[in-house]
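First comes the structure, then the notes that go with it.
Each chain gets a letter, A, B and so on, in the order the sequences are listed, and its residues count up from 1.
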Protein chains: 2
Amino acid sequence: MWDVAVTLKDLARHVGVSITTASRALADYDDVAEETRQRVREAAEQLGYYPNITARRLQKRRNDTLGFIIPTADPRFADPFFSEFMAGIGNEAARKDYDLLVSTHSPDSPGEKAAYERATRGGWVDGLIVVRTRENDGRIQLLCQSNFPFVAFGRTDDDLNFPYVDEDSTAGMRLLVQHLIGLGHKRIGYLSPPAGLMFGTYRRCGYYETMAEYDLPVDESWVIEGDMTQRGGADAVGKLLNLDPPLTAIICGNDLMAIGTMNRLQNLGINVGRDIAVAGFDDIPWAAYTAPPLTTIRQPIYKIGQQTCSMLINIINGWEPENTHIMLTPELIVRESSGTRLGNGRR
Amino acid sequence: MWDVAVTLKDLARHVGVSITTASRALADYDDVAEETRQRVREAAEQLGYYPNITARRLQKRRNDTLGFIIPTADPRFADPFFSEFMAGIGNEAARKDYDLLVSTHSPDSPGEKAAYERATRGGWVDGLIVVRTRENDGRIQLLCQSNFPFVAFGRTDDDLNFPYVDEDSTAGMRLLVQHLIGLGHKRIGYLSPPAGLMFGTYRRCGYYETMAEYDLPVDESWVIEGDMTQRGGADAVGKLLNLDPPLTAIICGNDLMAIGTMNRLQNLGINVGRDIAVAGFDDIPWAAYTAPPLTTIRQPIYKIGQQTCSMLINIINGWEPENTHIMLTPELIVRESSGTRLGNGRR
DNA sequence: ATTGACACCCAAAACGTTTTGGATTATACT
DNA sequence: AGTATAATCCAAAACGTTTTGGGTGTCAAT
């Protein structure tokens, strides 16, 4: 194919030294004479020696590689969550000299299962990062029982004890609901992420809990489920708009749906921020640039990615972190889409 | 660490057969008896045998892994181009049973150079995908001279012959300029991607060429350089707005800058689509949801990713593709940001 | 009885490292 | 002179596969 590589054997022969010595010279062992080390170094440089990573990995029985299996039904994932998260783990991994292997699989698909099985056996990667935890999450169960190193972004409903980083979605949603209530809203709809996703569950809880806390009744019809895409948000508008009396605010389980929702509302001639309040969740970069800009909850996804990755590397190396259950508190970002205080003249 | 893996040796001993036979049984060679094959299969299942991928790779001298080194100055790349492109190569790679190794490095940084050197030697990956080709692109030069398998998205200005997929940016820009000229615009500004990026060069050429073609003079001050981000787009507005007589349209070298531009214009109370036309380039998903929706040029990034990846895999396997220079023609997407025909009452 | 064809099996080499467990030599100390 | 100590070095094993180059036994045809 291309240039055959120069191996340690070639190098050793060229210098007139054993393979062992060559290897140890390059690895800075102190049982090789300074002068020999130099000679080996120079020869390596000159011959363009580059260690074969695969051989090294086989011998060391570690890959210095992390796996990230992106759970997305749409292979063409437009969700900025994934890219930002990946940037976080990728950079942290690189900083610690780890490679990052990524692939995508539909949640709960056979392909996903196979990918996890391949990862836990066969020395494919040294550890895995799991995102978008689900109810009764098969991935977590598999990883726990095979005792494979991993860190999840998100908790689960099993009572398995595993390392995770998570944001307190319930608290985030509480902030959002309180904000709207503070503006005078009482009839607040909720467009939920699909059932089964843990973060959706927590966000939904936050919504229900806070409404209850303020003695605001919630009708079944106010809460519907979307698919986390703009289209999903747009499609939900029809149902959410047909209520009588109408909602005065809609909270969306993520920003993408909020954007779709706003867009559809505007196409129907409804002024978001004045006629109705809309809020999202995530604070993706896009959220600051919508018209009107989107009120939302900020999660530091990039940083969460970094932390998750860093924790995983610690675990792989046996440096058990002091705290393997990290919980972050999200922050309310108020922009124009949630409008100002409801006037008396409005319902 | 965790469960020690069961190896081929264990399996062979358990079945009472040689390692060779066990290996060949699992690989479906026809020189092993059907009955033996069955026994090996069952034992493998029962013992939970899983081949060690690293050992296999060492022996086969191939990794079945592709590398993708993302060239981004901002580690926290928000550019949807990368995620969509990666989705394309990732899914194509998975379909063909290849793994995808990703990392990010600043363009032209020492780290990037090191990453490419590591990749070409040492059997890290079997092939590389290169994006955002640059003028006098060191990556391409290195890969060409070390004869390492790769495919680029984008051409270069060297006269190296290498496999690439590219879109005809010049033609795309021509469509855009013609569209605006057709609406009556004569004073059209251009916010260019940074110098050095090949696609920026082609787009800029398309702009200049088409203006010249229609005998429209272009003043130096109409063309400035941005950094491809929303902020860059916003920052450019100041300079582009200070002209006398003013511009009637601004073309941005990518959608992200167009979004920033529109946003800033609107904050200044200028109505995009009526007072001034704005257009972008890329048609990122976001572009359809801006207010007003963005006129732009569509590139099928996901598909380009797939094609690039597919070509690379062919090259790695020695099936030289018939055509290693694929050129795609982009498509004009007219939305409201470019407005309607310029009235007589306007300049 | 020999030969050839066939079906099935396996020992050993190979892939390119790192690690183990000494071996060799020179130097310093009794 | 003998012995510990330190400084260098290296042959061989190991990592877990796949591939090479046979070997053995059976059966049918000569």
Side-chain angles (χ1 to χ4, degrees), chain A residues 1-41 43-44 47-65 118 120-126, chain B residues 1-41 43-44 47-65 118 120-126:
Chain A
M1 185 72 119
W2 68 92
D3 315 340
V4 284
V6 21
T7 81
L8 200 52
K9 187 166 24 164
D10 304 331
L11 175 61
R13 184 167 29 205
H14 188 264
V15 183
V17 89
S18 78
I19 295 186
T20 309
T21 304
S23 171
R24 297 178 78 89
L26 294 175
D28 271 334
Y29 276 71
D30 62 357
D31 66 349
V32 23
E34 187 50 36
E35 190 256 341
T36 316
R37 190 199 319 286
Q38 288 302 341
R39 276 175 36 234
V40 173
R41 279 271 169 66
L47 298 188
Y49 168 74
Y50 226 85
N52 180 306
I53 294 190
T54 310
R56 180 184 299 198
R57 285 179 174 168
L58 175 58
Q59 150 70 30
K60 293 210 154 176
R61 253 145 315 168
R62 61 188 348 247
N63 285 62
D64 296 324
T65 301
R118 176 151 101 94
T120 55
R121 340 287 211 75
W124 187 49
V125 294
D126 297 331
Chain B
M1 185 75 113
W2 67 93
D3 315 340
V4 284
V6 21
T7 82
L8 201 50
K9 188 162 26 164
D10 304 331
L11 176 61
R13 185 167 27 209
H14 188 262
V15 182
V17 89
S18 77
I19 294 186
T20 309
T21 303
S23 171
R24 298 178 77 88
L26 294 175
D28 269 334
Y29 277 70
D30 61 357
D31 68 347
V32 22
E34 187 51 35
E35 190 254 341
T36 315
R37 191 199 318 285
Q38 289 302 341
R39 277 178 30 235
V40 173
R41 281 270 171 66
L47 298 187
Y49 168 74
Y50 225 86
N52 180 306
I53 294 189
T54 309
R56 181 186 298 198
R57 285 178 174 169
L58 176 57
Q59 151 71 30
K60 293 212 153 175
R61 252 145 315 167
R62 59 183 355 243
N63 287 71
D64 298 323
T65 301
R118 171 155 177 262
T120 56
R121 337 290 208 73
W124 188 48
V125 294
D126 298 330

Point to revise | Side chain to side chain, B/R118 and A/I53, heavy atoms closer than 4.5 Å | key: yes
**Study point:** Interatomic spacing from CH2 in B/W124 to OG1 in A/T54 - rounded to 0.5 Å
**Key:** 12.0 Å
Point to revise | Donor-acceptor contact present, side-chain B/R39 to main-chain B/V15, <3.5 Å | key: yes
Practice item. Answer yes when A/D28 and A/R41 have at least one side-chain N-carboxylate O distance shorter than 4.0 Å, and no when they do not. Key: yes
Exercise for review: Can you measure from CG (A/N52) to CZ (B/R121) and round to the nearest 0.5 angstrom?
Suggested key: 13.0 Å
Check your understanding: Can you give one letter per nucleotide of nucleotides 8-18 of chain D, 5' to 3': B if a protein heavy atom sits under 4.0 Å from the base, S if only from the sugar-phosphate, - if neither?
Key -> BBBBB-BBBBB
